[in-house]
2 protein chains.
Amino acid sequence: MEQKAIDVFRACIPLFNALSDPARQDIILLLAEQEPLSVNEIAEQSNLSRPAISHHLKIMREIQLLQIEQKGTQRYYSLSLNQSVEQLKQLIDIVESECIF
Amino acid sequence: MEQKAIDVFRACIPLFNALSDPARQDIILLLAEQEPLSVNEIAEQSNLSRPAISHHLKIMREIQLLQIEQKGTQRYYSLSLNQSVEQLKQLIDIVESECIF
DNA sequence: TTTATATGTTTAAATGTTTAAACATATAAT
DNA sequence: ATTATATGTTTAAACATTTAAACATATAAA
């Protein structure tokens, strides 16, 4: 196993963490339907509180899974999946070439 | 967003959970180097206790990320990554066809 | 049958995550 | 300036996860 494989694997941890939570998956699925949405709009369509939604949005913002468009006092969130998808593809490539026999 | 996309997304949660832990990643990387290994052999090469290793192995066994070969009193663990890799590929396909514009 | 070895399970403590209430900040409108 | 609205942050409680010690089980050898 090369160091690069280890690095790629480790680098995926924040993404795996972000995607392993049903509340965050719900937000992603909601944004895939209607984009962009503000924190309040997301909270209205959820059974979680606005601060809880804000917390989950922060986690996803930090790994660049979401992007923000500020409009006056409102922040509109939309998906930004390309980078994360590329990360997963890279992991799959390395696993297939180094771990599967 | 179709129901199938939601199902695939949800179905990946146990895998994301399993892969989001550094201790479990270490076990996977170790098995990618030397396979198969017993619980004791894995624990010897780790700084975690044997019961902790056993616990993490159980989590990975439950999602069929590992397979066991019993030899007398020992259980030899090896990777079984095909199914999980297919699951990730399926997720990527759906995200690319339904969520990326 | 008894003993030794390998493993899994239960339990309790430590740690981390998730949540909502309360508070703080910042922009827009009056 | 003051008020209203949208959002983020801090905090404390509830909840879940992780860990290692103690215990239980099961196979193999003497």
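A, B, ... follow the sequence lines: proteins, then strands. Residue 1 opens every chain. A quick note: this is a predicted structure, and the numbers were derived from the prediction, not measured.
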K.L.:
Could you check how far CD1 of Ile42(A) sits from C1' of dG8(D), rounded to whole Å?
P.N.:
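One finds 14 Å between C1' of dG8(D) and CD1 of Ile42(A), rounded.
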K.L.:
Across the strands shown, which category fits Tyr76(A) at heavy-atom distances under 4.0 angstrom: base, sugar-phosphate, nothing?
P.N.:
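The answer is nothing, as Tyr76(A) stays clear of every strand by at least 4.0 Å.
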K.L.:
Among all residues two or more places apart in sequence or in another chain, which pass the side-chain hydrogen bond (donor to acceptor under 3.5 Å, both in side chains) test with Asp26(B)?
P.N.:
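Asp26(B) satisfies side-chain hydrogen bond (donor to acceptor under 3.5 Å, both in side chains) with Arg10(A) once adjacent residues are dropped.
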K.L.:
Under 4.5 Å between any side-chain heavy atoms of Leu65(A) and Leu79(A), yes or no?
P.N.:
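No, side chains not in contact.
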K.L.:
Please check: side-chain N/O of Arg24(A) versus main-chain N/O of Ala18(A), any donor-acceptor pairing under 3.5 Å?
P.N.:
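Pair found, side chain donor or acceptor close to backbone of Ala18(A).
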K.L.:
Evaluate salt bridge (Lys or Arg N to Asp or Glu O under 4.0 Å) for Glu98(A) paired with Lys4(A), printing each intermediate quantity in order.
P.N.:
CA-CA 11 Å; Glu98(A) 299 200 24; Lys4(A) 199 198 169 190; over 6 Å; no
K.L.:
In whole angstrom, give the distance that lies between atom CD of Glu44(B) and atom C1' of dT5(C).
P.N.:
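Interatomic distance, CD of Glu44(B) to C1' of dT5(C): 13 Å.
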K.L.:
Taking all non-hydrogen atoms of both residues into account, name the closest pair between Pro36(A) and Tyr76(A) and its distance.
P.N.:
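Taking Pro36(A) first and Tyr76(A) second, the nearest heavy atoms are CB-CB, 3.7 Å.
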K.L.:
May I ask you to test the Ser78(B)-Leu31(B) pair for a side-chain heavy-atom distance under 4.5 Å?
P.N.:
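The answer is no; the side chains never approach within 4.5 Å.
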K.L.:
Find the distance Glu41(B):CD to dA6(C):P and express it as a whole number of Å.
P.N.:
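One finds 10 Å between P of dA6(C) and CD of Glu41(B), rounded.
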K.L.:
Quick one, Cys12(B) and Leu19(A) - any side-chain contact, counting heavy atoms below 4.5 Å?
P.N.:
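Counting from C-beta outward, Cys12(B) and Leu19(A) never come under 4.5 Å.
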K.L.:
What is the distance, rounded to the nearest whole Å, between atom CD of Gln74(B) and atom C1' of dA29(D)?
P.N.:
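Those two atoms, CD and C1', are 14 Å apart.
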K.L.:
Using a 4.0 Å cut-off on heavy atoms, which residues in residues 52-61 of chain B reach DNA chain D? List them by number, or say none.
P.N.:
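Listed by number, they are Ala52(B), His55(B), His56(B).
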K.L.:
What is the separation between atom CZ on Arg50(A) and atom C1' on dT18(C), rounded to the nearest whole Å?
P.N.:
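For the pair Arg50(A) CZ and dT18(C) C1', the rounded distance is 16 Å.
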K.L.:
Could you tell me whether the phosphate oxygens of dG8(D), OP1 or OP2, come under 4.0 Å of any side-chain nitrogen or oxygen in Tyr77(A)?
P.N.:
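Looking at the OP1 and OP2 atoms of dG8(D), one of them is under 4.0 Å from a side-chain N or O of Tyr77(A).
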K.L.:
Rounded to whole Å, please give me the gap between CZ in Arg75(B) and P in dT7(C).
P.N.:
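So the two atoms are 9 Å apart, to the nearest Å.
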K.L.:
Distance check needed: dT17(D) C1' versus Asn17(A) CG, whole Å only.
P.N.:
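It is 12 Å, rounded to the nearest whole Å.
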K.L.:
Look at the side chain of Asn40(A) and decide which nucleotide, out of dG8(C), dT7(D), dA20(C), has an atom nearest to it.
P.N.:
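The listed nucleotide nearest to Asn40(A)'s side chain is dT7(D).
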K.L.:
Could you list the protein-to-nucleotides 28-30 of chain C atom pairs, N/O on both sides, closer than 3.5 Å?
P.N.:
none

K.L.:
Quick one: Gln70(B) CD to dA6(C) P, roughly how many Å, whole number?
P.N.:
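Result: 13 Å.
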K.L.:
Sort out the partner of dA16(D) for me: Watson-Crick or G-U wobble, both distances under 3.5 Å, none otherwise.
P.N.:
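For dA16(D), the partner nucleotide comes out as dT15(C), under the 3.5 Å rule.
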K.L.:
How close do Leu15(B) and Gln87(B) get, heavy atom to heavy atom, and via which atoms?
P.N.:
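Reported closest heavy-atom pair: CD2-OE1, 3.7 Å.
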K.L.:
So do the side chains of Ile13(B) and Asp21(A) get within less than 4.5 Å of each other, counting heavy atoms only?
P.N.:
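A side-chain contact under 4.5 Å is absent here.
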